[in-house]
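For ligands, and for the atoms within them, numbers begin at 1 and follow the listed sequence.
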Amino acid sequence: MSGTAQSGRGRVVALCGGVGGAKLALGLQQVLGPRLSVVVNMADDFEHLGLRISPDLDTVLYTLGGLSDRQRGWGRAGESWHFMEALAEVGGETWFSLGDRDLALHVERTRRLAAGQTLTAIAADIARRFGIAAQIRPVSNDDIRTIVVTPDEELAFQRYFVERRCEPTVRRIRFEGADTARLTREVRDALAPRDLRMVVICPSNPFLSIDPLFAVSGLRELLAAAGVPIVAVSPIVGGQAVKGPTRKIMDELGVAATTAAIAKHYEGLISGIVIDSGDVAEADGLALPVHATPTLMTDLASKVALARQTLAFGDRLAAQADR
Ligand code: FO1
């Protein structure tokens, strides 16, 4: 590893899903500004009401743009729901809530995609318009779709997650299209070793949000070739998944909902893991460097604090590797 020169400087790449991951990405942006690139999952994207919806991408854009609804975690603050009310009146599909302000982004993205723009170009332009300092990069411009395999049927991700409220048992998760999807040039550039300080895997759901990134061929290899610390932040806090169905899905997939299981999931990929102080008892059993710190992000200060702790840990790993 040739990392010490980049300590405190250099670029950082964050791999990110939606709500949980975006919180740390916001903390990282506060510290790093334009030296941060966020590579975002787009396998939970879908076509709905004739529109292209990109939930994780939008969660990152709204969160880093200071526009997100902090209670819900997704969608925009100060939202109104006249469209949904009118849609119900005319017998439309209302299981997926699109706020009036949020709707504008879906309509405009759909128009631009139809006009031939890439998801990457659209995300970059919206990020600029929202005053976002970081580079926001969907992992691919090709379609990848998370499919949840249940005992009875295969469900598109949002059908499973929102319409069915994660109730069906998860047997398996697959990422349709991932075998032919290509990383974008922008993601490749972000991971080029020059000036790269570290890669952070945000505390998103490893199975639903991070695995689809690694399902795209080439990402694993680029990370291995980057020669910088790869630091994962565990989404488990005190044995509980903070947000979403991580716990239930881990149970159903036969994986213990522990930090140790998260570390095992990322084995061979990461150089160290940040865990919650409440899970410190698990640290001894882990076969890789561990840093324990409070990981619950309730406000901007705790997001920035976790970002700083994660970066300092990554810098220490780089310094040790250089010795
Ligand atoms: N999540 C819900 O639980 N219910 C919704 O109706 C819903 C609508 C929605 C609209 C736009 C958007 O960007 C996200 C939305 N989400 C909704 C969140 C989304 O389903 C999930 O947070 C992610 O896909 C999981 O990473």
*Asks:* Would you say Gln158 has any N or O atom under 3.5 Å from an N or O of ligand 1, going by distance alone?
*Replies:* yes
*Asks:* Could you tell me if the side chain of Arg35 sits less than 4.5 Å from the side chain of Asp195, heavy atoms only?
*Replies:* no
*Asks:* Tell me, which protein residue and heavy-atom name are nearest atom 23 (C) of ligand 1, and how many Å apart are they?
*Replies:* Asp44 OD2, 3.4 Å
*Asks:* What is the closest protein heavy atom to atom 21 (C) of ligand 1, and at what distance does it sit?
*Replies:* Phe161 CE2, 3.6 Å
*Asks:* Run the side-chain hydrogen bond (donor to acceptor under 3.5 Å, both in side chains) test on Ser54 and Asp45 for me, step by step, so that the C-alpha distance in whole Å, both residues' side-chain angles and the decisive distance to 0.1 Å come before the verdict.
*Replies:* CA-CA 4 Å; Ser54 299; Asp45 285 21; 2.8 Å; yes
*Asks:* Touching ligand 1 at all, Thr59? Heavy atoms, strictly under 4.0 Å?
*Replies:* no
*Asks:* Return each pair, listed once, that meets side chain to side chain donor-acceptor pair (under 3.5 Å) where at least one residue sits in residues 86-97; pairs must be two or more places apart or across chains.
*Replies:* Glu93-Trp95, Glu93-Arg159
*Asks:* In terms of residue, atom name and distance, what is the protein heavy atom nearest to atom 16 (N) of ligand 1?
*Replies:* Trp74 CD2, 3.4 Å
*Asks:* Under 3.5 Å, N or O to N or O, is Ser209 touching ligand 1 that way?
*Replies:* no
*Asks:* Show the numbers, then the answer: is there a side chain to side chain contact (heavy atoms under 4.5 Å, CB included) between Arg188 and Leu222?
*Replies:* CA-CA 8 Å; Arg188 290 183 173 283; Leu222 275 183; 4.0 Å; yes
*Asks:* Give a yes-or-no answer on whether the side chains of His291 and Gln309 include a donor-acceptor pair shorter than 3.5 Å.
*Replies:* yes
*Asks:* Around atom 3 (O) of ligand 1, find the nearest protein heavy atom and jot down its residue, atom name and distance.
*Replies:* Val162 CG2, 3.8 Å
*Asks:* I would like to know whether Thr120 and Asn141 meet side-chain hydrogen bond (donor to acceptor under 3.5 Å, both in side chains); could you show each step before the answer?
*Replies:* CA-CA 7 Å; Thr120 298; Asn141 287 319; 2.8 Å; yes
*Asks:* Got an N/O contact under 3.5 Å between His106 and ligand 1?
*Replies:* no
*Asks:* According to the side chain to side chain donor-acceptor pair (under 3.5 Å) rule, which pairs have a member within residues 105-118, sequence neighbours left out?
*Replies:* Asp58-Arg109, Asp102-His106, His106-Arg109, Glu108-Arg111, Glu108-Arg112, Arg112-Asp125
*Asks:* Starting from atom 13 (O) of ligand 1, which protein heavy atom do you reach first, and at what distance in Å?
*Replies:* Pro55 CA, 3.3 Å
*Asks:* Asp56 versus ligand 1: do any nitrogen or oxygen atoms come within less than 3.5 Å of each other?
*Replies:* yes
*Asks:* With side chains defined as the heavy atoms from C-beta onward, is the minimum distance between Tyr160 and Pro168 less than 4.5 Å?
*Replies:* yes
*Asks:* Given that the side chain starts at C-beta and the backbone is N, CA, C, O, which of these parts of Asn41 lies under 4.0 Å from ligand 1, counting heavy atoms, or is it both or neither?
*Replies:* neither
*Asks:* Nearest 0.5 Å, please: how far is CG in Asp279 from OG1 in Thr259?
*Replies:* 4.0 Å
*Asks:* What's the verdict on side chain to side chain contact (heavy atoms under 4.5 Å, CB included) for Asp56 and Ser209, showing C-alpha distance, side-chain angles and the deciding distance?
*Replies:* CA-CA 9 Å; Asp56 281 0; Ser209 302; 4.1 Å; yes
*Asks:* If you have a sec, work out which protein heavy atom is nearest atom 11 (C) of ligand 1 and how many Å separate them, to one decimal?
*Replies:* Asp102 OD2, 3.4 Å
*Asks:* If you measure from atom 9 (C) of ligand 1 to every heavy atom of Tyr160, Phe157, Phe46, Phe96, which option wins on shortest distance?
*Replies:* Phe96
*Asks:* Who's the nearest protein heavy-atom neighbour of atom 6 (O) of ligand 1, and how far?
*Replies:* Ser97 N, 2.9 Å
*Asks:* Check contact between Tyr62 and ligand 1, using heavy atoms of the residue and a distance below 4.0 angstrom.
*Replies:* no
